[in-house]
Amino acid sequence: TITGLNMGTVYYARVLAWNLQGYGEAQAPTPPSEYPRQLPSSPTNVVMGATRDTMITVGFNEPLDIGGDAITSYRIKWDRDPSMNSLYEWPHKGSVAVNSADDQSYTITDLTPGIRYYVQVQAGNLVGYGTPQTPTPAWIEPSNQVPGLPTTLSL
């Protein structure tokens, strides 16, 4: 084990044997280079809001610590139970992975109006998914929303 390495920095190694006659020829390992990495921390700025009476939209940003490897995806989990371990089936419980290059939000659809839903978001890299983050607010009940201001007016 080599200690004191920096996360995400590529390192090269060569291995050679030694005996009383001296050192043998150096051999490159397979793969010839590697870099330290670990699970990322939780996503930041995780928020959610009801976008319709049957929809919840969840937004999130990259974690503060990506674990030495690029974030490749985010996993969004939802459930009617805060433990996220209920026996409910889709659409009341589910999980989806979205590509980090394309999405920093996800809309959960086909929910039941007035039912409380809980959500968690995890960031993922090549090692796996990190610790889940609960959004603000911690739960939400889908409901109809007042529309926003029009963006274009013409008379």
Side-chain angles (χ1 to χ4, degrees), residues 1-13 29-155:
T1 302
I2 302 172
T3 60
L5 304 178
N6 295 319
M7 286 288 164
T9 301
V10 176
Y11 292 93
Y12 297 86
T30 303
S33 66
E34 192 56 86
Y35 59 98
R37 54 194 175 272
Q38 63 188 14
L39 292 174
S41 63
S42 300
T44 57
N45 303 318
V46 179
V47 296
M48 73 173 163
T51 44
R52 279 195 40 198
D53 64 337
T54 59
M55 296 177 162
I56 295 170
T57 298
V58 184
F60 40 86
N61 292 115
E62 189 169 83
L64 295 176
D65 180 358
I66 64 171
D69 201 15
I71 300 300
T72 56
S73 63
Y74 292 95
R75 180 165 52 196
I76 298 96
K77 296 168 69 175
W78 66 93
D79 197 334
R80 288 176 52 179
D81 187 312
S83 72
M84 308 300 274
N85 291 321
S86 77
L87 297 177
Y88 288 110
E89 295 182 4
W90 188 90
H92 301 292
K93 177 182 181 162
S95 176
V96 64
V98 297
N99 185 321
S100 65
D102 300 331
D103 300 300
Q104 290 205 299
S105 68
Y106 182 75
T107 299
I108 304 165
T109 62
D110 300 320
L111 302 175
T112 301
I115 297 292
R116 188 176 288 187
Y117 290 91
Y118 300 85
V119 175
Q120 293 178 344
V121 181
Q122 296 170 279
N125 62 18
L126 289 177
V127 179
Y129 286 100
T131 306
Q133 180 64 47
T134 302
T136 302
W139 57 268
I140 198 162
E141 295 176 1
S143 60
N144 281 326
Q145 302 298 304
V146 174
L149 294 172
T151 56
T152 305
L153 296 174
S154 62
L155 298 174

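Considering I76, T51, I140 in turn, I140 is the only one that fulfils the side-chain contact (heavy atoms from CB on, under 4.5 Å) rule with I56.
Here the side chains of T54 and T112 are not in contact, with every heavy-atom distance at 4.5 Å or above. Annotation: side chain of S100 is in contact with side chain of Y74 (closest heavy-atom distance under 4.5 Å). Between P135 and Y118 the shortest side-chain heavy-atom distance does not fall below 4.5 Å. R80 places none of its side-chain heavy atoms less than 4.5 Å from the side chain of S86. Side chains of M7 and Q38 form a contact here, defined as non-hydrogen atoms less than 4.5 Å apart. Contact of the V58 side chain with the I108 side chain is registered, since non-hydrogen atoms from C-beta on lie closer than 4.5 Å.
Nearest heavy-atom pair across A123 and I71 is CB-CD1, 4.1 Å. Nearest heavy atom pair, residue T44 against residue P63, reads CG2-CA, 4.2 Å. Across all non-hydrogen atoms, the minimal contact from L64 to S41 is N-OG, 3.7 Å. In plain terms, the two heavy atoms of E141 and A50 that are nearest each other are O-CB, 4.2 Å. Listed here is the closest heavy atom pair of W78 and P91: NE1-O, 3.0 Å. Nearest heavy-atom pair across L39 and G128 is CD2-C, 3.5 Å.
With values rounded to the nearest 0.5 angstrom, Q104 atom CD is found 7.5 Å from E62 atom CD. To the nearest 0.5 Å, atom CD of residue Q122 and atom CZ of residue R75 are 4.5 Å apart. Between T109 atom OG1 and R52 atom CZ the span is 9.5 Å, to the nearest 0.5 Å. Atom CG of L5 is separated from atom CD of E34 by 11.0 Å, given to the nearest 0.5 angstrom. Interatomic distance, CG of D81 versus CG of N85, reported as 7.5 Å (0.5 Å rounding). Taking CG of L126 as the start and CG of D69 as the end, the distance is 4.0 Å to the nearest 0.5 Å.
Between Y11 and Y35, the distance separating the two ring centers is not shorter than 6.0 angstrom.
Residues S73 and Y129 have side chains that bring a donor and an acceptor to within less than 3.5 angstrom of each other. With 3.5 Å as the limit, one finds a donor-acceptor pair spanning the side chains of T107 and T57.
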Report task. For the pair V96 and K77, evaluate side-chain contact (heavy atoms from CB on, under 4.5 Å) and give the outcome as yes or no after the intermediate values. Result -> CA-CA 7 Å; V96 64; K77 296 168 69 175; over 6 Å; no

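One N or O on the side chain of N125 and one on the backbone of I66 form a donor-acceptor pair closer than 3.5 Å.
Between Y117 and H92, the ring planes are parallel. Angles under 30° get that label, and only those over 60° would be called perpendicular.
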